[in-house]
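Each chain gets a letter, A, B and so on, in the order the sequences are listed, and its residues count up from 1. Computed from a predicted model, the values in this text were never measured in an experiment. All values below come from the heavy atoms of this structure, side chains included, with hydrogens, waters and symmetry mates left out.
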Amino acid sequence: MPEAGKTRVLMVAEKPSLAESLSKLLAPGGHYETHRRTTPVHEWTGPFRSDPDAKFRFTSVTGHVYTMDFTSEYNSWAIEPQLLFSGNVRKMESNPKMKLTQHLANEAKNVDVLILWLDCDREGENICFEVIGNCKPFMNKPAQILRAKFSAITAEEVRRAMHNLGTPNENEAKAVDARQELDLKVGVAFTRFQTRFFQGKYGNLDSTVISYGPCQTPTLSFCVERHDRIQSFQPEPFWAIAATIQKDNQPVPLAWDRERIFDRQVAHLFLNSIESKNATVLSVETKKKSRQRPHALNTVELLKHCSSGLGISPSESMSIAERLYTQGYISYPRTETSRYPESFDLKSVLQEQSKQANWGQYCDELLQNGFQRPTGGTDVGDHPPITPMRVADEGELYGDTWRIYDFIARTFIGSISSNLQYASTTAKIAIGDERFECKGSQTVAPGFSAVMHWLKTPDEPIPEFTKGETLPIVSLTLREGKTSPPDYLTEAELIGLMEQNGIGTDASIPTHINNICQRNYVNVNGGARRLVPTNLGIVLIHGYQKIDPELSLPTMRSDMEQQLNLIASGKAPQKEVLQYFLDMFESKFAYFVKHVESMDELFEATFSTLAASGKPLSKCGKCKRYMKYIALKPNRLHCPTCDETYSLPMNGNIKLYRELRCPLDDFELVLYSTGSKGTGFPICPYCYNHPPFEDIKKGMGCNHCLHPTCAHSMVRNAICPCPESEQEVDPCQGRLILDATSAPRWKLSCNECNIVSTFLDTIKHVNIVKDEICEDCGTVILKAEFRENQNKQPVIGCVMCDEEMEALLATRFARKSVRRKHHGKRRRRKWVDPKVRKLYADMR
DNA sequence: GCAAGGTC
């Protein structure tokens, strides 16, 4: 038995917010002390088992500590994708900068008991073992490791969990490990193969990668399936009797009971059978009906409304919701739960909202007249439904942030309002032997729709008919119509389909949708946000359907999950299930590779080859003929004569650079620029793909080149290390380059980070003064010449130390800190890379 | 340049 006050307990939650709310519920009187560390640590003293004064510490991780990846040798695109299925994988820290593993180790020191409060789902169970791995080695021996199982964040539930501590379930964690490895291997193998195969052949695919994934591909498949239905739709003509009668001197259109007939002659028969010149009211009935108030809001419902009602994309909606959450306006926004626990304090949420200018009065009335508990919905036990926590007024939040807050607050208030009540009136009317009806409705009590205005139903008044009355017919005709095709899927419908088919989770659905948009497989059209697949999206899905339909089937994900359940429930060993799937997907992959021609036939019919794409731009150094620039993603130059492709950087402009040639390979230089405020530099297409010097990586422009004499090299244009090299955290390793490419607007820009400063537009020319280096800081001396109309003498000096020179830059570099540190004395600076210094010195 | 899952 431990001595009183000796037991040390560490508890860990999945995110900081839960560590805090659980601490509030667990610490005696809700009193604890918080220490701000990597993630906050809450501490208190309280009873634990036989120790009345145990020392508690509650901290958290931020989701998964690790992410799975291949070992470095498999991370090269040069490796045969087939080999990835048996490739080595490892777990790497998800966010190494955060140093979470160190944090866990620190907090676990001298701890006797570790209690895991991770989310109670499979991923949470997996994170348990990530936490254990980091804590156990530092804990007192023997280490006690316990798992809290909770299904709601309420006082009783949390207390109950604390008294029923169990052990973490390793099988569930192993099922997740298997899923991670499968997703990685299958996704990466197919993606690399497809990308290389199709990008190597076609010039107008307009996508950086031709990706495949067990969630993104079925997501795309839903959109293509709807497209196919629209394409194959055959409109059918139909006919209907259109009758209008007269009541109270007003024409009243009626609806035919048979609705429509697909045979013209039969429809005519019905029309001709009517001999009566009048209509007779057979019955009039008014029924009281009600529409139920909405249940509490979960993530998927939020995303659906944001898309269809507010026109905001799921990923944008989630990032706004997260911001609202971290600022305290709403509760945790990722939840499947749509039902409040019994103990949830609805009243204080309502009281808070009663301070609001737009709907506060409505809340007051609810408080006075009594509000309802929401009905329906399910409590999955993850987090409470999305709830407004802090009142906000319009103007305090802006634009879409306000619109989403407005929706969340109104939905909460609506969910505890009374139901909408309305009266529905139906008059049944006979014309000859045919039956018609006239329907109307009227709101009796608006209920929730008073605050959820978008759910208001407009009144549809109809005249007051009396049973048995006879009314004149205004017109009686046969109306011809055509059936119309379905429309493209709305984003909200797609979210619904993904949820139903178990593709993605509430947290990942926005990412998958975003993915298929970014990769240019679908476009989002119009305010209704309908998803229209592109040619690329269509040929991909049709290709899978030709080769192996299972690859894009929406059931694929859930089938796999079912097998993984066997691991989770301990019915099958992880190794066997994983190997079974790896073998299966490896053979599916081999089959796909062997039959990729079937998919390629579709590509051939839709896209143009590399040789037929692009516009002539720069000349090839080998054959001296024009290469063609492909401006679509991925940007590249293709030499049709040599049949070589040279990739180029994206997200910027590419132009020919004054027909200058690289002295190393004779390729014509191109100029890359990212707008007037961004960086720009020349690129030799050949060097960019085949680095000419050992120390230079692939994908670098002339602003990294070590060529000692070429006028465009880094060696000739670098003036000093990047000012950001003085940052304590993550110092920039780059160099400040004098950039002449945007002349007459001269710039200094870093060749690694995004630091750029422009010379004033009164400056006509800037050049490096040969053989001169600032004595104080080692920076190369520049000479800046003014435009003629300025009538000023050129300025010669150091951009870092000389006030006069500094003043010529639109934004000065942060040198003040250096001056302050050294009490006005300038610090001596050295080149970051002595090799460059030597080259530079040699050159002079 | 790759997947999907957590979360910030």
Side-chain angles (χ1 to χ4, degrees), chain A residues 13-19 38-40 60-70 74-79 81 84 87 89 91 93-95 97-98 100 118-119 121-128 130-131 173 175-196 198-200 205 207-219 299 318-319 321-327 332-335 382-383 498 502-516 518-519 557 560-561 564 585 633-636 647-651 698-699:
Chain A
E14 195 158 315
K15 44 193 155 288
S17 65
L18 261 189
T38 304
T39 56
S60 66
V61 290
T62 48
H64 276 287
V65 180
Y66 297 103
T67 174
M68 193 174 273
D69 200 2
F70 287 106
Y74 292 95
N75 259 338
S76 150
W77 279 64
I79 202 155
L84 294 172
V89 293
K91 290 223 178 183
E93 261 186 89
S94 304
N95 192 349
K97 279 186 194 164
M98 221 182 150
L100 250 170
L118 291 125
D119 289 3
D121 53 27
R122 208 178 269 178
E123 298 295 331
E125 220 58 30
N126 187 271
I127 304 174
C128 279
E130 299 183 337
V131 172
V176 171
D177 282 336
R179 201 249 325 132
Q180 288 178 349
E181 189 169 338
L182 272 167
D183 285 348
L184 175 71
K185 291 185 166 177
V186 175
V188 175
F190 275 90
T191 299
R192 284 191 196 163
F193 171 72
Q194 291 182 162
T195 303
R196 279 209 307 207
F198 294 113
Q199 264 180 8
L205 298 183
S207 183
T208 46
V209 279
I210 313 300
S211 58
Y212 174 86
C215 285
Q216 56 173 274
T217 302
T219 303
T299 309
M318 270 329 276
S319 83
E322 268 156 25
R323 216 162 43 238
L324 283 170
Y325 159 69
T326 49
Q327 291 171 357
Y332 192 68
R334 275 189 289 264
T335 179
D382 47 357
H383 303 275
M498 293 175 76
I503 292 167
T505 65
D506 52 359
S508 69
I509 282 174
T511 319
H512 299 313
I513 297 180
N514 207 31
N515 256 340
I516 62 171
Q518 296 269 303
R519 303 272 156 77
R557 187 68 175 173
M560 193 175 106
E561 294 277 356
L564 293 174
F585 276 108
K633 277 187 277 181
N635 290 171
R636 55 214 146 134
S647 60
L648 292 171
M650 277 182 283
N651 307 319
K698 216 171 155 175

At 4.0 Å (heavy atoms only), tell me whether [X] reaches a base, stays on the sugar-phosphate, or touches nothing.
| X | result |
| --- | --- |
| Gly504(A) | sugar-phosphate |
| Thr511(A) | nothing |
| Tyr212(A) | sugar-phosphate |
| Ser211(A) | sugar-phosphate |
| Arg519(A) | sugar-phosphate |
| Thr62(A) | base |
| Arg323(A) | nothing |
| Gln199(A) | base |
| Asn95(A) | base |
| Pro214(A) | sugar-phosphate |
| Gln180(A) | base |
| Ser647(A) | nothing |
| Phe70(A) | nothing |

Side-chain donor-acceptor pair under 3.5 Å between Thr505(A) and Ser508(A), yes or no?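 Present: a donor and an acceptor within the cut-off.
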
Any side-chain donor paired with an acceptor under 3.5 Å for Arg519(A) and Ser207(A)?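 Arg519(A) vs Ser207(A): no donor-acceptor pair found between side chains.
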
With a 3.5 Å distance limit and no angle check, can you tell me whether Thr191(A) reaches the backbone of Tyr212(A) through a side-chain donor-acceptor pair?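 Indeed, once roles are kept as given, a pair shorter than 3.5 Å links the two residues.
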
Report the residue (Met68(A) or Asp121(A)) whose heavy-atom-nearest nucleotide on DNA chain B is the more 5′ of the two.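 First, find each residue's nearest nucleotide; the 5'-ward one identifies Met68(A).
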
5′-ward residue of the pair Leu84(A)/Leu100(A) relative to DNA chain B: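 Nearer the 5' end of the strand: Leu84(A).
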
Is any NZ, NE, NH1 or NH2 atom of the basic residue among Arg179(A) and Glu123(A) found under 4.0 Å from an Asp or Glu carboxylate oxygen of the other?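 Salt bridge flag = yes for Glu123(A) with Arg179(A).
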
Sequence neighbours excluded, which residues qualify as side chain to side chain donor-acceptor pair (under 3.5 Å) partners of Glu130(A)?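 Partners of Glu130(A) under the side chain to side chain donor-acceptor pair (under 3.5 Å) test: His64(A).
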
Nucleotide interval of DNA chain B bounded by contacts with chain A (heavy-atom cut-off, under 4.0 Å):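 That gives a stretch of dG1(B) to dC8(B).
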
So how far is it from Leu84(A) CG to Lys185(A) NZ, rounded to the nearest 0.5 Å?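 Separation between the atoms: 8.5 Å.
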
Partners of Asp506(A) by side-chain contact (heavy atoms from CB on, under 4.5 Å), sequence neighbours excluded?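 Partners of Asp506(A) under the side-chain contact (heavy atoms from CB on, under 4.5 Å) test: Thr299(A), Val300(A), Glu336(A).
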
